[in-house]
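Since the structure comes first, as structure tokens, the remarks are kept for the end.
No experiment lies behind these values; they were computed from the predicted model shown.
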Amino acid sequence: MAPGLLQTAEYARAVFDCLYPPITPQEAEDRMLDRLDRQADSKLGETSPVLTVSPAARSAFVGTTT
């Protein structure tokens, strides 16, 4: 899966604004626009995305027994 495929523009921008070492505002804008382009390329009409959960993740125990 491509990084950031399900991120909003605002969230992607916030991620890039927090990078260390920092990047320039123009680089952050360019990276955010690249992510939005990947999102647009991944959409196939009006279909919903399909998420796959591995069998190991489905059978993993999470939480406490009490």
Donor-acceptor pairs are to be reported for all side-chain atoms of residues 11-22 against protein atoms at under 3.5 Å, with residues two or more places apart or in another chain.
{"residue": "R13", "atom": "NE", "partner": "D17", "partner atom": "OD1", "Å": "3.2"}
{"residue": "R13", "atom": "NH1", "partner": "E29", "partner atom": "OE1", "Å": "2.5"}

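Considering CD of Q7 and CE of M32, their distance stands at 11.0 Å, rounded to 0.5 Å. Taking CG from D30 and CD1 from I23, the interatomic distance works out to 9.0 Å, rounded to the nearest 0.5 Å.
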